[in-house]
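Step one of this worksheet: look at the structure below.
Keep in mind that the numbers below use all heavy atoms, side chains included, and drop hydrogens, waters and symmetry copies. Letters go in sequence order (proteins before strands), and every chain restarts at 1.
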Amino acid sequence: MENLFANASIDPSTLPKAEEVEWIPLNKKYLPVSLLSTWIFGLVLAGIFLTVNFVNEGIFKENWKMLAVLGGLVFLFIIITVVSVLGFKHKAYAIREHDILYKSGLIFRKTIALPFNRVQHSEINQGPIERNFDLAQLEIFTAGGSQSDLTIPGLLNDEAQRIKTFVMEKTAKHE
Amino acid sequence: MNEERKGSLFRPKRQSPIAIFMFVYVFLRRFFRMLWPLLIFFFFGRKDESSILDSGIGIVAMVFSGFTLVMSILSYFRYYYFMDDDSFNIHSGVLSRKKLNLPFERIQNINFEQKILHRLFNVVSVEIDTAGSSQSEIKIEALPRDEAEAIRDYILEKKRNIKNLTAEEGEEENIVEEIREPDQLLLSLNPLDLMKVGVSQNHIRTAFVIMFIGMGFVGQIEDILNLDVIDVARENADVFNGTAVPVILFLFFIVISFLVTLFRTVFRHFGLKFFKSREGYKLTSGLLTKQEVALRKEKVQIIKWSDNPIRKLFGIFTLEIKQAAAGTGRRRGQSVEVPGSYQYQIDEVIGSCFSGSMETEFKEHKINKVFVFRRFLYWGLVPGLIFLGFFIFSRSWNLLFPAILIPIVAYVMNWIYYRKYKIGINENYLKITQGIFATTHTLLPLFKVQSIALDQSIYQRRKDLANLTIFTAGGAVDIPYLDLDKARLMKNYFLYKVESSNEKWM
């Protein structure tokens with residue numbers, strides 16, 4: 001492999017390789033819990049639709065039209081489910097000495113790397129359903145805009161706290 | 001600064017009374033922007049249709065506007081600012097009182113702006129830029145110019161002292177020396193330069209903007225007056241020769257777009273002066289609204305300069321300096337645009353801002369050629385086939401034209417894009433050159449990168465290709481269709497540069 005630039009004092013190919021890191025998968029509970037939230041959302045959506053239709057005495061007077069809408073909704077949620085199930089095993093994170101990595105995506109595989117000395121702050125979020133299963137989501141922010149932030153879902157609450165403390169300690173060292 | 005003046009800065013004071021005008025002006029503008037359809041209705045609408053409902057809306061609007069007017073005047077009288085030993089304070093609020101305390105070390109920058117009303121009374125509006133995610137910007141509507149300058153000088157001086165206390169002794173001497181150095185004028189636009197800049201703007205973009213605004217405007221008038229503009233146009237079009245009308249309209253449209261961009265340029269960049277100051281750079285410009293923006297060197301994340309065919313003719317570039325945004329979200333003042341810059345002026349800015357970036361040569365890398373075929377597929381072949389399908393169905397020859405033209409244009413444009421796309425890397429910097437008709441250069445120091453994303457589609461995975469996105473605090477840079485090995489090498493090297501750096505990136 002040719003070098004990236006001329007007259008280098010170091011050889012980039014000898015640097016630590018982000019692609020050879022050992023990935024830690026998300027907690028196994030994350031998949032059922034995220035599916036549960038998706039389905040509850042789907043049921044609420046279907047419920048709203050049926051209620052509105054009932055109150056207005058049928059915007060969709062014929063049964064087949066109503067069934068078509070409901071069928072479409074079911075189809076959409078089946079696709080979301082399939083993608084979540086297949087995509088789950090591609091979601092993982094890794095912590096190295098100087099940065100944190102997260103990968104995701106079924107069709108578009110994406111890996112994002114965030115150096116600790118660029119972290120602005122971090123947050124732990126828990127939805128109502130996640131809280132019942134002791135899961136949490138860790139969000140780490142940089143100054144590069146929302147796209148450059150790193151979000152790791154499906155962590156046990158303790159684990160999320162531990163990573164957050166670790167990241168903040170690493171960040172503080174640089175200030 | 002004399003002592004009396006200095007002392008007066010520490011007593012709570014109101015703004016210049018002109019601020020009342022500013023409050024009222026802001027209020028009136030908001031009022032008209034909200035209610036102009038209603039006003040048009042009142043003046044031009046059919047009188048017989050006005051009902052109790054309409055007059056009801058009118059009364060509510062009047063009461064509401066009267067209330068806001070009184071509030072904005074009261075809020076002037078309840079707005080005080082003053083300084084103490086280590087912070088700037090604002091006390092405000094009519095119903096709920098608010099006390100804002102800004103420690104000097106959190107203040108990043110102080111910028112001035114003069115609207116035409118400000119200029120009549122020689123006052124400025126002051127924008128205080130602060131670090132930290134909550135409330136990152138504070139604006140004081142109107143202060144006498146000399147007082148605003150006194151405040152700015154005082155705060156910046158205090159800030160420097162704070163920095164000096166923490167800095168090492170050796171650096172201290174440097175700072176003292178730098179203070180004596182006056183602002184150095186790098187560039188000023190004379191009327192001829194201004195014309196060049198105006199002529200070489202992107203007129204096509206203006207045309208689109210005018211079109212969309214125009215359509216929205218027409219739509220609103222149609223709603224109010226309850227008529228169809230197309231019908232009206234058709235009725236009146238009989239007067240002209242049928243085929244000439246579109247051509248005349250088109251030419252008229254081009255001329256309007258051209259004039260609009262020209263005037264906008266003149267208004268915005270009139271009397272533009274760009275200085276190198278001891279902290280970084282300073283830019284003043286504007287015909288009616290005069291703005292004065294200061295940039296700090298450390299905060300600069302990306303320097304970008306671009307030409308286009310007309311600019312190339314004049315030998316000028318538009319220089320853009322992108323700063324780190326203090327808070328979250330997009331904010332004004334994040335980047336500064338200096339049009340009409342010559343190459344040597346750009347080199348001067350780059351040399352003083354990103355030191356060492358020009359000395360070592362950039363090694364050039366290309367993106368993979370597959371890029372051309374994939375983009376051609378999405379932007380050329382697929383739309384072309386859709387038009388072809390429509391053509392076959394409808395047998396309308398008008399549709400055959402785009403079916404052939406779109407793929408050809410898409411192929412040629414993507415091929416040029418691929419040919420011109422260059423990634424330059426040296427030990428500390430990344431430089432990307434790209435464009436089709438215009439050429440844009442983007443230069444950034446690697447240690448200021450915030451995070452890096454590498455992504456691959458299914459197709460790219462099969463072909464061992466990847467896209468790299470490099471996020472900085474002044475915007476992101478995308479590199480498409482790199483060979484996977486190279487993308488990984490770049491990613492690892494950039495991360496190494498960030499992680500091994502102790503320099504302040506902002």
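- Side-chain atoms of B:Lys497 and B:Asn428 include a donor-acceptor pair closer than 3.5 Å.
- B:Thr440 and B:Lys304 form no side-chain donor-acceptor contact under 3.5 Å, judged by distance and modelled atom types alone.
- The contact between B:Thr472 and chain A is made entirely by backbone atoms, counting heavy-atom distances below 4.5 Å.
- Both the backbone and the side chain of A:Leu114 come within contact range of chain B, judged by heavy atoms closer than 4.5 Å.
- Neither the backbone nor the side chain of A:Glu97 comes within contact range of chain B, judged by heavy atoms closer than 4.5 Å.
- Listed options B:Ile458, B:Asp455, B:Ile452 were ranked by heavy-atom pairs under 4.5 angstrom with chain A; first place goes to B:Ile452.
- Between the side chains of B:His365 and B:Lys422, not a single donor N or O lies within less than 3.5 Å of an accepting N or O.
- For the pair B:Arg374 and B:Tyr459, the distance from NZ or CZ to the six-membered ring centre is under 6.0 Å and the angle to the ring normal is within 45 degrees.
- For chain A, the nearby parts of B:Phe447 are the backbone and the side chain; heavy atoms of each come within less than 4.5 Å.
- Heavy atoms of B:Glu361 lying under 4.5 Å from chain A are absent altogether.
- Only the side chain of B:Leu495 comes within less than 4.5 Å of a heavy atom in chain A; its backbone stays farther off.
- Residue with the most contacts toward chain B among A:Ile107, A:Ile10, A:Leu101: A:Ile107 (heavy-atom pairs, distance under 4.5 Å).
- When only modelled atom types and interatomic distance are considered, A:Thr142 and B:Ser451 share no side-chain donor-acceptor pair under 3.5 Å.
- With a threshold of 4.5 angstrom between heavy atoms, B:Tyr493 approaches chain A through its backbone and through its side chain.
- Contact of the B:His441 side chain with the B:Thr439 side chain is registered, since non-hydrogen atoms from C-beta on lie closer than 4.5 Å.
- Counting heavy-atom pairs closer than 4.5 Å to chain A, the top-ranked of the candidates B:Arg461, B:Gln460, B:Glu427 is B:Arg461.
- For the side-chain contact (heavy atoms from CB on, under 4.5 Å) criterion with B:Pro480, the lone passing option out of B:Thr469, B:Leu468, B:Asn467 is B:Asn467.
- Only the backbone of A:Leu106 comes within contact range of chain B, with at least one heavy atom under 4.5 Å from a heavy atom of that chain.
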Evaluation steps, salt bridge (charged side-chain N to carboxylate O under 4.0 Å, His left out), between A:Glu19 and A:Lys17
CA-CA 5 Å; A:Glu19 58 274 15; A:Lys17 291 182 176 57; 5.9 Å; no
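- Using a 4.5 Å cut-off between heavy atoms, B:Ser501 contacts chain A through both its backbone and its side chain.
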Could you go step by step and tell me if A:His121 and A:Phe141 meet the ring pair (Phe, Tyr, Trp, His ring centres under 6.0 Å) rule?
CA-CA 5 Å; A:His121 70 283; A:Phe141 297 91; 4.5 Å; yes
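- Looking at B:Asn502, only its side chain comes within 4.5 Å of chain A, counting heavy atoms on both sides.
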